[in-house]
Amino acid sequence: MRDLRNSLVGHPLIVTFVFITLCLLPVMIMRDFSPDNESRYLLIADEAIQNGNIFAFTLDGQAYADKPPLYLWIVMLCKILLGKHSMFLLSLFSLIPAFVTIAVMDKWSALDKNQDRIAVALLMMTCGLFLGLSVFLRMDMMMTMFIVLALNSFWLLYTGKGNRRLQEILLPLWIFLALFTKGPVGILMPVVSIVCFLLVKRDGRSVWKYLGWKTWGIIAALCAVWFVGVYLDGGRDYLENLLFHQTFGRAVNSFHHKAPFWYYLVAILYIPVPYTILLVGALVYSLCHPERSEGSMRGEGSGDKEVFFCVTIVSTFVMLSLFSGKLSVYLAPIMPFMTLLFVEVLRRTGWKKWMSWALGIPAVLIGVAALASLLALSLFAGIPKVTEVLTTYSFLRSWTIKLAALLLLSGSVFVLRYLLLKKNPSVSLVIFGASLLLAIYSASSILPKANDWIGYSSLCETIPPEASVSAVQVRRPGMMKVYLGREVTDYQKDFDAFYKAEVLDAPSGSNTPSILVTRTKKLSSDKDLAAFVENNKHWTVGPYVAVSFNNIPQL
């Protein structure tokens with residue numbers, strides 16, 4: 001037993017990762033694929049496997065050059081190995097990169113106490129955006145991992161640590177893999193961060209030392225192999241789409257997610273929730289009270305590390321703000337650096353009073369929200385508004401939801417106790433992060449029922465395997481193909497077009513059943529659609545209603 005205890009104490013990150021995995025495991029196993037990006041990646045992978053494509057992809061038969069192939073290859077490989085798409089297996093390719101990122105940043109921070117290392121790991125893991133990307137099926141966490149590895153390789157070169165020859169090869173390799181995972185940000189963020197840092201250090205002449213012929217030669221050689229593969233697989237048009245339309249088009253005049261310059265000034269306030277005040281506060285403090293260090297000193301204790309983290313955050317923030325296309329998820333790569341910037345500020349200043357407020361305020365807010373949820377579920381369930389919500393989402397009545405709220409409330413109380421009475425911020429951070437993860441574990445038991453609202457699997461299970469399927473007033477119904485194995489005709493918001501094509505002009509004498517899928521809440525605003533549903537056999541699954549219209553009577 002003592003050996004086991006010593007082993008656990010000697011490997012705090014392993015203990016932390018096991019705890020995180022156990023807490024997130026139900027989500028990784030039971031959650032349905034969302035009809036947005038997740039299902040889209042599955043369909044692209046299915047078409048690539050069916051058509052034998054490796055570098056050039058299609059979605060519904062149309063060229064899809066939006067994303068590089070690395071993540072799609074992983075989705076394809078998982079499908080080939082298992083014969084089906086597995087939420088658990090694919091989730092691992094978000095969770096494991098998150099763990100690698102935390103491990104790299106942990107070594108980079110060089111904290112001495114195991115308690116502090118666990119606290120920082122949980123702080124990073126339970127930041128809202130970072131936590132979400134650790135389980136959702138997106139390539140952002142994998143790109144973040146490669147960017148962190150690239151900048152860490154630069155730091156080792158800059159400080160003269162480790163095997164220089166190895167890091168000179170790894171730096172361009174990590175940059176290319178970041179590019180190969182998500183796109184231009186993967187190459188721009190490391191390069192811009194390195195250049196800006198060296199300029200801030202008044203060492204601009206050293207840029208070529210780290211980003212010289214060897215670095216760019218390796219990146220260019222790997223890109224050449226990729227582009228040749230794209231050309232052979234998809235032709236000249238696909239290659240031009242990948243290189244120009246999807247790159248410069250999105251940056252200069254985005255055809256998707258166009259937003260104003262100040263978009264990220266708002267986004268940065270909610271992506272680190274619940275640690276917004278703590279992390280953004282550390283960034284503001286570092287900018288307003290920069291660490292002074294001798295120009296000849298490099299590395300630990302010189303302040304260079306804090307400067308590097310701060311420059312990485314600010315330069316990336318400004319760079320992304322200049323692009324036309326913006327999404328809050330694009331800020332994912334700065335999250336690890338915001339966490340470690342806080343660590344560096346804390347190392348320099350010690351725990352300040354404002355930090356106690358920065359952690360205490362969200363703890364109080366979460367505690368109040370948890371208490372309100374408990375009261376609503378237990379005492380105020382008879383209130384009309386509460387009753388309406390609980391009737392629609394009946395799974396919220398589960399005792400595990402109440403337990404999750406109780407865990408959050410208890411966690412908030414203990415966070416305040418250790419923060420204010422025992423003056424132990426590390427324990428407060430551990431309790432804060434652990435209570436959030438335990439609450440997720442408890443609440444995840446409702447997923448089998450909540451999946452009716454998350455994805456299309458429950459709905460598609462009710463549709464006869466031979467039925468033709470149409471949709472009206474449904475978001476991305478084409479993603480049902482993942483479950484049905486056949487196309488779904490999308491009439492968007494036009495019920496009249498559906499009725500004419502599928503009823504009035506439909507061939508007579510067909511024995512093939514036909515199904516219409518629509519959203520229940522749309523029936524109140526479309527009388528013709530409501531009448532069609534009422535006059536035919538129908539059933540509801542979550543927010544959807546499916547209508548069987550074999551031998552339909554005329555309206």
Side-chain angles (χ1 to χ4, degrees), residues 13 100-113 116-117 120-121 124 144-179 186-222 282-283 286-287 290-316 333-334 336-349:
L13 280 193
V100 172
T101 301
I102 292 173
V104 172
M105 301 306 276
D106 170 78
K107 187 174 182 179
W108 207 339
S109 67
L111 291 169
D112 296 326
K113 297 181 180 179
D116 294 340
R117 295 173 65 190
V120 172
M124 191 184 307
T144 297
M145 175 186 71
F146 289 130
I147 288 174
V148 166
L149 287 167
L151 291 176
N152 182 249
S153 288
F154 161 75
W155 183 254
L156 293 176
L157 289 170
Y158 180 76
T159 55
K161 296 181 178 179
N163 187 323
R164 184 172 187 86
R165 289 185 178 180
L166 176 62
Q167 297 305 327
E168 286 177 344
I169 295 174
L170 289 179
L171 174 59
L173 178 61
W174 298 139
I175 292 176
F176 171 76
L177 288 174
L179 169 68
I187 191 171
L188 288 174
M189 180 178 170
V191 170
V192 169
S193 299
I194 292 170
V195 171
C196 289
F197 171 70
L198 293 173
L199 291 176
V200 168
K201 296 299 295 181
R202 300 179 181 179
D203 194 18
R205 289 175 296 179
S206 295
V207 170
W208 196 248
K209 178 180 177 181
Y210 306 102
L211 300 173
W213 288 111
K214 186 174 184 179
T215 299
W216 290 113
I218 293 174
I219 295 174
L222 293 171
L283 174 61
S286 184
L287 289 171
E291 172 74 332
R292 305 297 181 185
S293 61
E294 295 296 329
S296 60
M297 295 178 62
R298 291 188 174 189
E300 314 303 329
S302 70
D304 281 356
K305 192 188 295 185
E306 180 183 332
V307 173
F308 183 54
F309 293 156
C310 190
V311 168
T312 297
I313 295 166
V314 174
S315 61
T316 302
I334 73 171
F337 296 98
M338 290 186 69
T339 304
L340 254 66
L341 178 63
F342 164 71
V343 172
E344 292 305 308
V345 170
L346 181 61
R347 178 179 274 140
R348 174 157 62 102
T349 66

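It should be emphasised that the depicted structure is a prediction, and the values quoted were computed from it without experimental measurement.
- By the 4.5 Å heavy-atom criterion applied to side chains, Gln167 and Arg164 are not counted as neighbours.
- Here the OG atom belonging to Ser109 is positioned 11.5 Å from the CG atom belonging to Leu346, to the nearest 0.5 angstrom.
- Between Arg165 and Glu168 there is no salt bridge, since no side-chain N of the basic residue sits under 4.0 Å from a carboxylate O of the acidic one.
- Other residues, nucleotides and ligands place more than 12 heavy atoms under 6.0 Å from the NZ atom of Lys214.
- Here the side chains of Asp304 and Trp155 are in contact, with some heavy-atom distance below 4.5 Å.
- Contact record, Leu198 with Tyr158: CD2-CE1, 4.0 Å, taken as the closest heavy-atom pair.
- Two residues are said to be in side-chain contact when any heavy atoms from C-beta on lie closer than 4.5 Å; Met105 and Asn152 fail this criterion.
- The two residues Ile218 and Ile169 make their nearest non-hydrogen contact at CD1-CA, 4.3 Å.
- In this pair, Phe154 and Phe308 present their aromatic rings tilted. The plane angle is within the 30 to 60° band.
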Stepwise side chain to side chain contact (heavy atoms under 4.5 Å, CB included) test for Leu149 and Val104: CA-CA 7 Å; Leu149 287 167; Val104 172; 3.6 Å; yes
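- The closest donor-acceptor contact from the side chain of Ser193 to the backbone of Pro190 lies at 3.5 Å or more, if one exists at all.
- Side chain of Ser286 to backbone of Ala282: no donor-acceptor contact under 3.5 angstrom is found.
- Taking the six-membered ring where tryptophan is involved, the planes of Phe337 and Trp108 are perpendicular, since the angle between them exceeds 60° and thus also 30°.
- Other residues, nucleotides and ligands contribute more than 12 heavy atoms inside 6.0 Å of the CG atom of Asn163.
- The backbone N or O of Gly303 sits nowhere less than 3.5 Å from a side-chain atom of Arg348 that would complete a donor-acceptor pair.
- Side-chain atoms of Leu222 and Leu173, non-hydrogen and from C-beta on, do get closer than 4.5 Å to each other.
- Here the straight-line distance linking atom CG of Asp116 with atom CZ of Arg347 works out to 9.5 Å at 0.5 Å rounding.
- Atoms CD1 and CG, on Ile313 and Leu283 in that order, are 5.5 Å from each other to the nearest 0.5 Å.
- Here the CG atom belonging to Asp106 is positioned 4.0 Å from the CZ atom belonging to Arg117, to the nearest 0.5 angstrom.
- Taking both residues in full, the closest heavy atoms of Ile147 and Ala178 are given as CG1-CB, 3.9 Å, listed atom of the first, atom of the second, then distance.
- When every heavy atom of Ala150 is checked against every heavy atom of Leu171, the shortest pair comes out as O-CD1, 3.2 Å.
- Met189 approaches Pro333 most closely through the heavy-atom pair SD-CB, 3.2 Å.
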Worked verdict on Leu151 versus Phe197 for side chain to side chain contact (heavy atoms under 4.5 Å, CB included): CA-CA 11 Å; Leu151 291 176; Phe197 171 70; over 6 Å; no
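- In plain terms, the two heavy atoms of Pro172 and Thr215 that are nearest each other are CB-O, 3.4 Å.
- Separation of atoms CG (Leu188) and OG (Ser315) is listed at 11.0 Å; rounding is to 0.5 Å.
- Note that CG of Leu211 and OG of Ser206 are 11.0 Å apart. Values are rounded to the nearest 0.5 Å.
- When side chains are defined from C-beta on, Thr339 counts as touching Val120, because their heavy atoms get closer than 4.5 Å.
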